[in-house]
Amino acid sequence: AGTAAADDPRLNCRLNETAHQPARIVVDGALSLPLSLRFVTQASDGRSYLLTTKKAAVAFPEKRRQLTEAGVTVAEFESADGRFRLPPQALSDAAAAWGFDSVMVEGGCGLISSLAAADAFDAGEIFVAPVVLGDSEAVPLMDGFSPSVIDDGWRLPNAETALYDGQVSYRFQKKVW
């Protein structure tokens, strides 16, 4: 939810404006998203879905009501840590319940790291923009992978690179179809 709140991403296909547009799914275990985000303001098109914790839905019933009134479909799950963190399996469970057989995840360090640690992906694509940001306090791309030698690091299986509008893409997949 932090990345969605900070970036207010469009979460749509911009390669071809007439292309099929994907559903927008946001993981927000604490119901902390501002109602002014495009994810919410464009929800009347029926393509905005939100995963949250049952704990947040009980703690913030007005926020949940406002989201559903705006057109956001909300699914609630038990928290993974007793607070507001969702278990990685919640994303695939909700997507399947909503009739989706694939999900593209655009997220920050917490979400991406939890999915990678749970081995909850079949393929992925990491985009690196030609902009350098950060300092010693910056949030890393991933967390929880601290090997003592590089050979023990997390490897991208069957990786390929591509270039899109100056952004480098690392595409990977478990199986080569």
Please confirm whether the backbone N or O of [Y] pairs with a side-chain atom of [X], one donor and one acceptor, at under 3.5 Å?
X    : Y    : answer
R171 : G124 : no
S113 : G110 : no
S48  : S44  : no
R10  : F39  : no
N158 : Q173 : yes

Do [X] and [Y] have side chains that approach each other closer than 4.5 Å (heavy atoms only, starting at C-beta)?
X    : Y    : result
L91  : I25  : yes
Q167 : V131 : no
L67  : L33  : no
T73  : W98  : yes
Y49  : V72  : no

Single-linkage hydrophobic cluster, 4.5 Å side-chain cutoff, [X] and [Y] together:
X    : Y    : answer
F60  : V27  : no
I112 : V168 : yes
V26  : L31  : yes
L115 : L156 : yes
V74  : L35  : yes

Looking at every non-hydrogen atom in both residues, tell me the closest pair between [X] and [Y] and how far apart they are.
X    : Y    : value
P22  : L11  : CG-O, 4.0 Å
T3   : P9   : O-CD, 4.4 Å
S79  : P87  : C-CD, 4.4 Å
S36  : T41  : O-CG2, 3.7 Å
A5   : L37  : CA-CD1, 4.0 Å
P157 : F172 : O-CB, 3.1 Å

*ring-ring contact (aromatic ring centres under 6.0 Å, His included) partners for F84, two or more places apart*: none

*For F127, which residues count as a ring-ring contact (aromatic ring centres under 6.0 Å, His included) partner, sequence neighbours excluded?*
Y164

Between [atom1] on residue [X] and [atom2] on residue [Y], distance to nearest 0.5 Å:
X    : Y    : atom1 : atom2 : answer
E62  : E69  : CD    : CD    : 7.5 Å
S92  : D101 : OG    : CG    : 12.5 Å
S169 : E160 : OG    : CD    : 9.0 Å
K63  : T68  : NZ    : OG1   : 12.5 Å
L86  : L111 : CG    : CG    : 9.5 Å
R47  : D45  : CZ    : CG    : 4.0 Å

*Does the salt bridge (charged side-chain N to carboxylate O under 4.0 Å, His left out) test come out yes or no for D7 and R38, once each step is laid out?*
CA-CA 10 Å; D7 297 346; R38 284 184 266 223; over 6 Å; no

*Charged N to carboxylate O under 4.0 angstrom, E76 versus K55?*
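Answer for the salt bridge query: no.
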
_For the CZ atom on R83, are there more than 12 heavy atoms of other groups (residues, nucleotides or ligands in this structure) within a distance under 6.0 Å?_
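No.
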
*asked:* Do K174 and F121 form a cation-pi contact, if we require the NZ or CZ to be under 6.0 Å from the six-membered ring centre and within 45 degrees of the ring's axis?
replied: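 Yes, K174 lies over the aromatic ring of F121.
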
